[in-house]
Amino acid sequence: MEMKEVYLDNSATTKVAKEAVDAMVHALTVAFGNPSSLHRKGMEAEKIVNKAREKLALFLGVKAREIYFTSGGTESNNLAIKGAAYARRRYGKHLITTSIEHPSVLEVFKQLEEEGFSVTYLDVDEKGHINLEELKQAIKPDTVVVSIMYVNNEVGSIQPIQDAAKIISQNKNTLFHVDAVQAFGKISLIPNLSGVHLLSLSAHKIYGPKGVGALFVREGTKITPLFNGGGQEEGLRSGTENVPGIAGFSAAAELVFKNFGAWQAKMRELKERLKTGILSEIPDTVLNGPDDGAPHILNISFLGTKAEVLLHALESHGIYVSTGSACSSHKNARSHVLAAMGKTAEEIEGAIRFSLSPFLSIEDIDYTVEILKKEVNELRKYVRR
Amino acid sequence: MEMKEVYLDNSATTKVAKEAVDAMVHALTVAFGNPSSLHRKGMEAEKIVNKAREKLALFLGVKAREIYFTSGGTESNNLAIKGAAYARRRYGKHLITTSIEHPSVLEVFKQLEEEGFSVTYLDVDEKGHINLEELKQAIKPDTVVVSIMYVNNEVGSIQPIQDAAKIISQNKNTLFHVDAVQAFGKISLIPNLSGVHLLSLSAHKIYGPKGVGALFVREGTKITPLFNGGGQEEGLRSGTENVPGIAGFSAAAELVFKNFGAWQAKMRELKERLKTGILSEIPDTVLNGPDDGAPHILNISFLGTKAEVLLHALESHGIYVSTGSACSSHKNARSHVLAAMGKTAEEIEGAIRFSLSPFLSIEDIDYTVEILKKEVNELRKYVRR
Amino acid sequence: MESIYLLSFGEIGLKGENRPFFERILIKRIKQALEGFEGLDVTKTHGRIYVRVAGPQDEVIERLKKVFGIVAISPAKSCDLDIESIKSAALEAVKEVDYKGKTFKVESRRTNKSFPIKSPDISRMVGAHILKNLKGLSVDVHNPDIEVNVEVREKGFVYCKRIPGPGGLPVGSNGKALLLLSGGIDSPVAGYMVMKRGVAIEAVYFHSFPFTSDRAKEKVIELCRVLAGYCGKIRLHVVNFTDVLKELGEKGPNELLTILMRRMMVRISQEIATKIGAKALITGESIGQVASQTMEALVATNEVAKLPVFRPLIGFDKVEIIELAKKIGTYDISIEPYADCCSIFVPEHPKTRPKLDDVHKAEERFDIEGFLRMSLDNVEVIEVTGSY
Ligand SMILES: Cc1ncc(COP(=O)(O)O)c(C=O)c1O
Ligand SMILES: Cc1ncc(COP(=O)(O)O)c(C=O)c1O
């Protein structure tokens with residue numbers, strides 16, 4: 001018998017949609033030219049890239065020439081933050097970010113600190129939200145970059161990007177970067193991007209392939225490239241374009257935006273059901289993060305359990321979840337996000353992230369709650385409190 | 001009627017092999033997990049990456065842990081050269097490269113010059129070969145990085161990497177980087193890598209997908225990463241691994257190495273036939289580059305024509321070629337490689353690169369020579385000498 | 001509170017008996033420009049057009065700014081017909097502009113006389129309400145920074161922003177002309193200028209593969225797409241010019257090549273224009289920029305034209321043209337570097353002051369009628385829809 005599979009790790013990565021796979025196979029085998037080649041095969045590939053650029057721009061409500069393709073969210077974040085900091089160095093060396101960013105942002109700031117920049121890390125409250133007053137206080141005349149994530153990948157808290165942008169834009173020399181990797185395709189961004197100069201996206205979080213992402217760079221914003229070479233992407237990102245990846249990204253984005261409202265509603269419903277199911281049926285459970293937040297992320301601590309053990313117990317029932325951020329789990333680090341939110345050691349140790357997709361059913365959710373009830377109960381027998 | 005297609009632009013990029021496409025589709029839709037995830041889905045993806053690492057290591061005759069995946073040749077070159085230069089900065093600020101490198105190497109050195117490094121650009125002779133004596137002279141105690149391409153992408157000249165490595169290794173502080181993007185899978189590298197610290201590869205030149213490459217980093221060689229983040233690839237290259245791309249790269253490499261001898265022989269035969277056909281049947285043609293060189297690259301000038309117009313004329317017969325390097329042609333730049341080889345303006349303007357694959361037939365070659373004869377003749381009517 | 005836009009139109013207001021005709025076209029163009037947005041409703045009363053539409057305000061305004069005939073766009077608040085609603089709508093409207101440290105006045109118009117309060121009193125009451133609720137504002141009735149407009153009609157409308165529209169006349173109100181479009185900077189601007197006078201356009205492009213690449217053609221299509229943003233759709237006629245070019249190149253006196261080419265282009269364009277009912281040709285020529293645009297060269301090209309040739313850029317210099325190209329959004333596309341036939345078919349020593357006699361003599365070698373037939377048999381027509 002096939003085991004039931006309930007993939008609840010969509011914030012780590014997603015299964016690639018058929019539409020995206022088809023677009024990729026076409027680019028791999030038919031439109032396989034190099035966009036830089038002068039002949040028709042090159043033009044065909046170039047058109048795929050430009051069409052994709054237009055699509056993404058449309059979904060963000062920005063101009064096509066403001067979209068640059070990269071190899072993923074990590075590169076977009078590195079390019080945006082380092083590129084902005086280096087380009088603006090002469091205006092100042094102060095930077096601001098939050099204490100709950102993804103490692104691909106946090107580690108960049110650590111690196112910049114080593115290079116002589118100074119960084120203010122904004123705190124968050126117990127729900128995972130920054131304080132705008134604190135941001136206002138932190139900005140100094142020599143602040144050249146502020147980077148704030150839109151949706152947190154561990155707890156789903158949504159930051160007040162629009163209000164932050166208003167505050168930041170008081171300072172003419174400051175560039176504002178937003179890591180929107182977990183927000184794109186999940187919540188509405190279009191009305192909220194004024195005042196944002198740089199915004200990172202990644203394909204594999206929205207049913208597209210790994211290894212491709214994009215950076216929005218507002219027209220007129222100058223940043224220093226990380227790669228030098230053939231001058232692709234207007235010189236901002238040299239290297240033969242990942243045409244199949246870009247085709248897949250575009251097809252996935254199209255699918256997401258065609259179904260935006262329905263999928264958002266569906267995920268909210270599933271999340272609500274999972275949350276209520278767990279909190280009401282399993283004792284000693286604690287919600288981490290906001291009551292609402294992003295529609296696809298739910299983080300709950302099962303007190304008196306070790307998350308990693310619970311993860312493996314669920315896995316044996318075909319249920320895939322995560323403990324904190326996928327990226328840091330290998331290193332078995334305690335979640336810096338939950339720590340910043342003031343969670344206790346016990347809460348952090350027992351924290352599980354469930355991340356949803358519209359391809360799940362109510363039965364999947366109910367099955368998960370059932371199994372959780374059983375396994376948490378079982379586990380608690382052995383873990384000392 | 002379907003038009004005959006003769007793809008002779010395999011140095012720009014290649015059509016992806018079926019084996020590679022299949023491996024990718026599997027990674028996109030079945031083994032779609034994030035290698036950093038702790039559960040089985042993550043492990044499955046991690047295994048794909050590690051298997052690929054082992055395969056590539058095998059084909060290079062190096063250790064699996066010396067292979068790091070990147071987003072392509074351009075990233076590998078940037079990471080290797082900047083990473084080495086930054087890591088070794090305290091030992092000196094002198095760098096050496098050649099004047100015929102790919103832009104993803106040359107432009108990196110230009111950037112490093114702006115950052116205060118000094119660079120010696122080695123000349124080449126009229127066949128596109130560097131002079132080892134000149135290299136020896138150029139190395140100084142403060143030389144920290146030497147970068148020499150294995151096979152030139154425009155004319156196919158092969159540099160004496162093994163001898164260069166011997167010279168360079170006299171200097172303990174010097175790291176030796178080799179851009180092997182056009183060499184890998186085309187000529188034997190295994191016996192010649194001792195003394196090489198860093199070596200760049202790219203998948204899309206060997207029937208694998210665009211957007212993935214690798215960097216060989218000899219054990220014990222420390223270089224500074226370009227991306228900070230989740231710590232993937234031993235911290236040298238953060239970012240969610242491009243699992244489908246890596247799977248495709250590995251499958252393509254496997255195919256190439258299974259057929260290595262046969263394909264090499266086939267390409268040599270086709271190249272010889274094309275060369276002789278053109279040089280003997282079309283007047284006023286000049287071979288650019290060595291008589292032998294890499295098996296897949298042939299560069300010939302058709303005096304009294306404009307290469308770009310000839311390219312389009314060939315295109316209308318389904319024949320795809322290139323003028324100089326694909327990356328720079330958009331910018332309508334004259335080939336810096338041919339210029340460095342001392343070619344005249346007329347030779348450069350009329351230079352066409354034919355780059356072969358084992359999937360071409362003798363008929364394809366003969367057809368190309370026929371069409372060339374006709375179109376070159378036609379074109380020469382309009383172009384003033 | 002619903003968002004609506006008040007549009008004023010200048011010139012067409014003056015057109016007396018033709019006015020309904022212009023207004024009809026303008027309304028049609030507005031609907032076309034806002035196609036795809038939900039809840040679109042366009043109505044007209046008393047020299048104003050009211051647009052109700054859902055959709056992001058920036059985007060709506062961006063599109064309306066491309067509709068010739070509109071002189072000003074005012075995003076307005078509409079509200080119920082009672083003074084309290086009007087007061088709070090006015091407050092909201094002021095909050096949306098940068099009001100700190102500014103002066104303002106309230107201007108009221110009451111066309112709906114069943115509303116019991118008279119205009120001056122409305123102004124006074126609304127002004128007092130704003131002063132009471134917002135700090136940093138003061139009144140200046142003569143030279144205000146902000147003019148808060150209140151209109152009492154079948155509903156109340158309040159606005160304080162007046163965004164300039166493109167002016168001109170609605171496209172389609174003044175016949176049709178054919179634009180000779182190249183990939184360069186000038187010709188798209190010329191097309192824009194003539195469209196602004198209400199003239200609908202179609203475009204013709206001379207493609208000469210392999211001497212010009214297919215990317216050059218794509219570039220022209222892109223330019224059409226931007227231009228079509230001002231009129232909805234443009235039909236692009238792509239003429240296969242290769243054979244003509246080859247023969248001219250082979251036989252023609254080299255130094256007259258450009259003139260001969262341009263004369264052929266005008267002749268071919270003329271045929272197309274006649275077929276599609278266009279009454280004039282449009283070119284991007286201005287005086288003295290390049291060898292083909294000296295007075296003598298222009299005379300030589302013009303000689304074969306039976307239709308009027310509009311050259312709206314005739315008195316412009318390069319800087320002015322570039323500025324306009326940037327404004328209308330064609331510049332970035334025009335400067336993309338794709339080689340065109342000029343690199344081969346450009347005379348080494350072009351005649352800058354060609355004599356008509358020499359030109360006539362040169363043309364005797366060619367079968368002009370044959371050229372025309374050859375080119376006209378080979379026209380690809382592409383419908384290009386506008387991008388915004
Ligand atoms: C918020 C956030 N930013 C950045 C990234 C990195 O993106 P990528 O995996 O494409 O490198 C991730 C996911 O890993 C993320 O969740
Ligand atoms: C010699 C050489 N090095 C580097 C590159 C760059 O590799 P990629 O296209 O994967 O960025 C290329 C090809 O474009 C090449 O031919």
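All values derive from a computational prediction rather than experimental measurement.
With B:M24 as the fixed residue, the side-chain contact (heavy atoms from CB on, under 4.5 Å) test singles out one of A:V21, A:L28, A:V25: A:L28.
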**Asked** Run the side chain to side chain contact (heavy atoms under 4.5 Å, CB included) check on A:N34 and B:D9 step by step: do they pass?
**Response** CA-CA 9 Å; A:N34 185 325; B:D9 204 10; 5.9 Å; no
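Between chain B and the options A:K41, A:K110, A:E5, A:Q111, the largest number of non-hydrogen pairs under 4.5 Å is found for A:K41. The residue among A:V108, A:N77, A:N242 with the most heavy atom pairs within less than 4.5 Å of chain B is A:N242. Annotation: maximal heavy-atom pairing with chain A below 4.5 Å, among B:E315, B:H204, B:K18, occurs at B:E315. Comparing A:G208, A:G33, A:G213, A:P225 by heavy-atom pairs within less than 4.5 Å of chain B, the highest count is held by A:G33.
Contact of the B:K210 side chain with the A:P244 side chain is registered, since non-hydrogen atoms from C-beta on lie closer than 4.5 Å.
Residue contact with chain A, scored on non-hydrogen atoms closer than 4.5 Å, involves the backbone of B:T14 exclusively. In this structure, the portion of B:H312 lying under 4.5 Å from any heavy atom of chain A is its side chain and not its backbone. Contacts between B:N78 and chain A at a heavy-atom distance below 4.5 Å involve the side chain alone, from C-beta outward. Heavy atoms closer than 4.5 Å to chain B are found in the side chain of A:Y7, but not in its backbone. Looking at B:V321, only its backbone comes within 4.5 Å of chain A, counting heavy atoms on both sides. Residue A:P209 touches chain B through both its backbone and its side chain, counting heavy-atom pairs closer than 4.5 Å. Interface residue A:L226: backbone and side-chain heavy atoms are both found under 4.5 Å from chain B. Contact of A:S316 with chain B is made through the backbone alone, with heavy-atom distances under 4.5 Å.
Considering every non-hydrogen atom in both A:F32 and B:T13, the closest pair reads O-CG2, 3.1 Å.
In this model, a donor atom of one side chain and an acceptor atom of the other lie less than 3.5 Å apart for B:K82 and A:N228.
Shown here are the side chain to side chain donor-acceptor pair (under 3.5 Å) partners of B:Y68, two or more places apart in sequence or in another chain: there are none.
Interatomic distance, OH of A:Y320 versus OG of B:S37, reported as 11.0 Å (0.5 Å rounding).
Judged as a salt bridge (charged side-chain N to carboxylate O under 4.0 Å, His left out), the pairs with a partner in residues 234-252 of chain B (not counting sequence neighbours) are, in order, B:E75-B:R237.
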